[in-house]
Peer 1: 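Below is a structure I'd like to ask you about.
On a predicted model such as this, the values are computed, not experimentally measured, just so you know.
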Amino acid sequence: METESIVYFHPIQDMHKMTAAKRHWWEGASLPGKALEAAETGGLFVPVDCPVPCFYYKKKPWPQEALTEAMETALHGAPGMADAFLHPQIMTLLSEEGRARWEPRPETMERLAVAMLAVCAADCLFQRGRVNVLLGRPEDTAWQMETTGRLLAPYLPRINSLRFHYEEMEGADIWEEEAEALDAYGYEYGLVPDMSPYLVTEEGLRCGRERCSGVILDFADTPRVPRVEREEQTVYADLASHPEKERNCARKNGRVVYISPIKYLDTVVKSGYYRKIYATAMSSTQT
């Protein structure tokens, strides 16, 4: 993982602080980023806070060329080797081609996931020892399986239950294709992972009837709606930062703590609101 800093472009919250951009937009709008301490992320990367006003002079939308140029300048001004992470609202200000250019690198997403789990899910992983992995697109299965191994590596000695949920494909045998990856858990940690296919329903793919607890690690770009244990706190780690998944978790009456890269970066660069919510929600797991 080569990225040394991550520039987080997000909508400006305080509209009184419009100094983030100049009034004469045609000549040179600027988005000065503020580099924070690496200690905020456990030393994994330097977070750079870069708020973006959604509108400029006379409330016209951002000219895409001006926004791109301002973002490029902020990115180049970040310390070390930098990559960007854009809030979805900022992505909507760009063309389809522009969005593709600003997609974060896989290494950046993995670095974010490592930090997110360390801050928000480590206690649950160590104490509960249970993980359910919701795999996404079948063509990405190998990468998702490898990434899961790297993300869970610090916690595997304490994990006693690991289940992968996958999409069945005609002519494909995931047990055979991922045999080496699955066997590695047994060789190193004596852990025998389970594989469970998604159910095909009218609403789309869904998890089975088994209830999940501990940590749910979700790679899917559409909701799979897993059932969760009623008696235990569950941490839902949504790597896709999907709004509907967050809403689904909110309906669980406090039994599920939802975390995502966006939530995590908001915690780092803003007021710490989500960190306080997490600490309150997870206090029940300490008893």
Side-chain angles (χ1 to χ4, degrees), residues 88 104 106 109-110 112-118 120-122 124-125 128-156 159-169 172-175 177-179 181-182 184-185 191-230 232-252 255-264 278:
M109 294 304 300
E110 186 171 330
L112 277 172
V114 168
M116 179 180 72
L117 292 179
C120 304
C124 189
L125 285 165
R128 302 301 185 196
R130 301 177 64 86
V131 180
N132 280 265
V133 181
L134 310 187
L135 299 177
R137 292 187 293 262
E139 59 268 27
D140 296 332
T141 296
W143 169 79
Q144 294 170 75
M145 297 286 284
E146 293 170 1
T147 302
T148 298
R150 290 193 294 269
L151 295 180
L152 297 182
Y155 316 102
L156 284 174
I159 293 175
N160 51 50
S161 176
L162 175 60
R163 175 182 292 142
F164 291 91
H165 300 257
Y166 67 96
E167 179 181 350
E168 288 187 300
M169 298 293 291
D173 185 344
I174 193 170
W175 282 94
E177 294 175 356
E178 300 301 329
L182 295 172
Y185 291 101
L191 177 64
V192 180
D194 189 18
M195 302 290 287
S196 179
Y198 291 119
L199 299 177
V200 180
T201 69
E202 293 181 356
E203 294 79 19
L205 297 178
R206 292 290 185 268
C207 291
R209 294 184 176 276
E210 304 91 347
R211 290 191 178 274
C212 302
S213 64
V215 171
I216 299 174
L217 186 61
D218 189 354
F219 285 92
D221 49 13
T222 56
R224 302 303 194 212
V225 195
R227 303 177 73 189
V228 297
E229 290 287 354
R230 296 181 181 277
E232 298 181 358
Q233 188 80 64
T234 299
V235 177
Y236 195 111
D238 174 22
L239 301 185
S241 299
H242 195 291
E244 187 175 343
K245 295 177 186 177
E246 183 175 5
R247 290 192 292 268
N248 289 337
C249 290
R251 300 188 186 106
K252 302 298 182 180
R255 298 198 309 276
V256 179
V257 177
Y258 175 88
I259 60 177
S260 69
I262 289 177
K263 286 274 191 179
Y264 173 69
Y278 166 76

Peer 1: Could you grab the distance from atom CD of E167 to atom OH of Y198, nearest 0.5 Å is fine?
Peer 2: 8.5 Å

Peer 1: Given 3.5 Å as the limit, does a donor-acceptor pair link the side chain of E178 with the main chain of I174, or not?
Peer 2: no

Peer 1: Which heavy-atom pair separates T201 from G204 by the least distance, and what is that distance?
Peer 2: OG1-O, 2.6 Å

Peer 1: Are C124 and Q233 close enough that some pair of their side-chain heavy atoms sits under 4.5 Å apart?
Peer 2: no

Peer 1: So which atom in A220 and which in L135 form the shortest heavy-atom distance, rounded to 0.1 Å?
Peer 2: CB-O, 4.1 Å

Peer 1: Mind listing the closest non-hydrogen atom pair of R255 and R230 along with its distance?
Peer 2: CD-O, 3.2 Å

Peer 1: How long is the span from the CG atom in N132 to the CZ atom in F164, to the nearest 0.5 Å?
Peer 2: 10.0 Å

Peer 1: Where do E246 and K263 land on the salt bridge (Lys or Arg N to Asp or Glu O under 4.0 Å) test, with the steps shown first?
Peer 2: CA-CA 10 Å; E246 183 175 5; K263 286 274 191 179; 2.6 Å; yes

Peer 1: With sequence neighbours excluded, what pairs up with T222 under the side-chain hydrogen bond (donor to acceptor under 3.5 Å, both in side chains) test?
Peer 2: R224

Peer 1: Can you check whether V225's main-chain N or O pairs, donor with acceptor, with R206's side chain at less than 3.5 Å?
Peer 2: no

Peer 1: Side chains of L134 and C207: does their closest heavy-atom pair fall under 4.5 Å?
Peer 2: yes

Peer 1: Measuring from atom CG of N160 to atom CZ of R130, what distance do you get when rounded to the nearest 0.5 angstrom?
Peer 2: 7.0 Å

Peer 1: Under 4.5 Å between any side-chain heavy atoms of I216 and V228, yes or no?
Peer 2: yes

Peer 1: Return the CD to CG distance between E146 and L151, rounded to the nearest 0.5 Å.
Peer 2: 12.0 Å

Peer 1: Does a side-chain heavy-atom distance below 4.5 Å link P193 with V133?
Peer 2: no

Peer 1: Considering non-hydrogen atoms only, spot the tightest contact between G214 and R128 and give its length.
Peer 2: CA-CB, 4.0 Å

Peer 1: Take atom CZ of R251 as the centre, draw a 6.0 Å sphere, and report whether it contains more than 12 heavy atoms from other residues, nucleotides or ligands.
Peer 2: yes

Peer 1: Decide yes or no for T147 and L239: does some side-chain heavy atom of the first lie under 4.5 Å from some side-chain heavy atom of the second?
Peer 2: no

Peer 1: For D218 versus K245, what's the shortest heavy-atom pair and its separation?
Peer 2: OD2-NZ, 3.0 Å

Peer 1: Within a strict 4.5 Å, meaning less than it, do heavy atoms of the V131 and T148 side chains meet?
Peer 2: no

Peer 1: Does a side-chain heavy-atom distance below 4.5 Å link D238 with I259?
Peer 2: no

Peer 1: Using 0.5 Å steps for rounding, measure from the OH atom of Y258 to the OG atom of S241.
Peer 2: 5.0 Å

Peer 1: Nearest 0.5 Å please: distance from the SG atom of C212 over to the CG atom of L217.
Peer 2: 12.0 Å

Peer 1: Taking ring-ring contact (aromatic ring centres under 6.0 Å, His included) as the test, write out the residues that go with Y185, two or more places apart.
Peer 2: none

Peer 1: Considering all heavy atoms of both residues, which atom of M195 and which atom of L182 are nearest to each other, and what is their separation?
Peer 2: SD-CD2, 3.9 Å

